[in-house]
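Before any comments, here is the structure.
We use all heavy atoms of the structure for the numbers below, so side chains are in, but hydrogens, waters and symmetry mates are not. Note that ligands are numbered from 1 as they come in the structure, with each ligand's atoms numbered from 1 the same way.
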Amino acid sequence: MRLRFVEDALLELLRNARDAGALNIYVASTRKARRHRTLTVIDDGCGIPAIHKHLIFEAGVTSRHLDPIPYANGNDDVLFHGAGLSLYHIKTVALSAEVFSTACPTAIRVIFDTHILPEKSLQSGSRPSKTNLRATLAKFIGQTVPSPPCLYLGSPAQVLATLLEHHIINRNEGAKRIAEWARNLGLEVSSRTVRRIIAGAVHVADEVMPNNDVTGLRRRVTSRNGAGGPILSLEEEDLGEIFAILRRAARSSYLDLAGLDVEKLPGEVLLRARIYEPEEAYE
Ligand SMILES: Nc1ncnc2c1ncn2[C@@H]1O[C@H](COP(=O)(O)OP(=O)(O)OP(=O)(O)O)[C@@H](O)[C@H]1O
Ligand SMILES: [Mg+2]
């Protein structure tokens, strides 16, 4: 196996989590200086045996012989995962690769220099960010049959908010303890952000769906029987204010607004704002 892209490494981390029986996988991602991608993959699977913690990045270390994971190679042969090489390859190419937590939940963080291991360029023009990670997660869900785990993708702050929401971390433990949890899981968030998360001011990470059908929404909205009526005229200035309000709301959740489409129909105005997650540091 050769890792050619960051996405290949992410897929291996997802496979490991799935093979550990994870029902939920949380991926926190940041990109700094347009170059360094950090991926923290957290899962609620069976965990890494503590004695393996420092070994799993060594070539040939695998637990698959204890509990082999079958897969088909397309030639009707059933083979087994378990060369024990994926994490070794990841560590070789990454700036850093570490196990932060061995269990409850399991957390592995890797940092890539995308000048050394590049990212695939985005196929879709619908999202202004350059990342293809969401598409990788969506593909993984589509390929994992019959029961794929639930996958969540967001900034470290959003993933921490999701872990609280899912009661993996107890909200009542207090800001100091929650900040400690974040550190122990490899999620870089400031104490100010922890307080914002506890106050409910940070959105949870998005659950990734196999297919992100935004056109379906559009069809549903526009196929409604329009009531008919007058057409509202909106000046540039009005649109500017609407844009500013939406952008303020987005930014308070570490998101941003790429554009605003306005459709004026008889008796109604349809606003469609494109929201995205900025790729640069979230803090
Ligand atoms: N998220 C995880 N939860 C539990 N154990 C894990 C996790 N990630 C890795 N491991 C352990 O680390 C070992 C090494 O992982 P690695 O991906 O390098 O090899 P592998 O999955 O055994 O084989 P392959 O080369 O086919 O990926 C695994 O066999 C497993 O025991
Ligand atoms: Mg593996």
Side-chain angles (χ1 to χ4, degrees), residues 1-29 37-75 77-112 117 133 136-137 139-141 143-145 147-154 156 159-160 162-163 166 168-169 181-187 205 207-208:
M1 179 207 59
R2 211 177 127 232
L3 300 175
R4 290 172 50 227
F5 297 103
V6 167
E7 286 82 352
D8 300 331
L10 176 59
L11 269 178
E12 291 304 335
L13 295 169
L14 296 174
R15 282 191 187 120
N16 283 346
R18 177 206 57 197
D19 293 348
L23 298 178
N24 295 287
I25 307 176
Y26 306 87
V27 179
S29 156
R37 171 71 68 188
T38 300
L39 294 174
T40 309
V41 178
I42 298 174
D43 73 73
D44 62 358
C46 66
I48 303 166
I51 47 157
H52 267 158
K53 181 178 173 184
H54 299 289
L55 294 176
I56 62 171
F57 295 102
E58 305 278 329
V61 171
T62 180
S63 56
R64 308 290 177 229
H65 57 294
L66 302 174
D67 191 9
I69 310 286
Y71 71 95
N73 70 349
N75 295 331
D77 304 324
V78 175
L79 305 173
F80 294 93
H81 275 303
L85 288 176
S86 303
L87 291 178
Y88 166 74
H89 283 299
I90 287 173
K91 177 104 184 177
T92 308
V93 75
L95 292 180
S96 84
E98 283 173 81
V99 175
F100 270 77
S101 165
T102 51
C104 304
T106 310
I108 294 182
R109 189 175 83 183
V110 291
I111 304 176
F112 294 109
L117 187 72
L133 300 176
T136 305
L137 299 185
K139 192 169 146 201
F140 176 77
I141 296 177
Q143 287 174 348
T144 307
V145 283
S147 44
C150 296
L151 250 74
Y152 301 86
L153 175 66
V159 165
L160 184 58
T162 316
L163 295 175
H166 289 185
I168 289 179
I169 299 175
W181 264 103
R183 262 195 311 281
N184 292 342
L185 294 175
L187 296 172
E207 181 173 355
V208 179

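Within the coordination shell of the Mg ion (ligand 2), defined by N, O or S atoms under 2.8 Å, T62 is absent.
Remark: H54 pairs with no residue by the side chain to side chain donor-acceptor pair (under 3.5 Å) rule, at least two apart or across chains.
Residue contacts with ligand 1: G47 is included, with a non-hydrogen atom under 4.0 Å away.
At a 4.0 Å heavy-atom cut-off, ligand 1 touches S86 through backbone and side chain alike. Neither the backbone nor the side chain of L13 has a heavy atom within less than 4.0 Å of ligand 1.
Within the listing of ligand 1, atoms 11 (C), 12 (O) sit less than 4.0 angstrom from a heavy atom of I56. Applying the 4.0 Å criterion to heavy atoms of A20 picks out, from ligand 1, the atoms 3 (N), 4 (C). Counting the atoms of ligand 1 from 1 in the order shown, those under 4.0 Å from a heavy atom of I48 are 3 (N), 4 (C), 5 (N), 6 (C), 7 (C).
Ring planes of Y152 and H166: perpendicular class, angle over 60° (limits at 30 and 60°).
Evaluation of the salt bridge (charged side-chain N to carboxylate O under 4.0 Å, His left out) test over residues 40-60, restricted to residues two or more places apart or in two chains, returns none.
The shortest N/O to N/O separation between C46 and ligand 1 does not fall below 3.5 Å. Distances between N or O atoms of D43 and those of ligand 1 include at least one value under 3.5 Å.
If you check the side chains of S86 and R15, you find no donor sitting under 3.5 Å from an acceptor.
Between L153 and S29 there is a side-chain heavy-atom pair separated by less than 4.5 Å. Contact check for F100 versus N184: no side-chain heavy atoms found under the 4.5 Å cut-off. The shortest side-chain heavy-atom distance between T144 and P149 falls under the 4.5 Å cut-off.
Atom 2 (C) of ligand 1 has its nearest heavy-atom neighbour, among N16, L85, T62, in N16.
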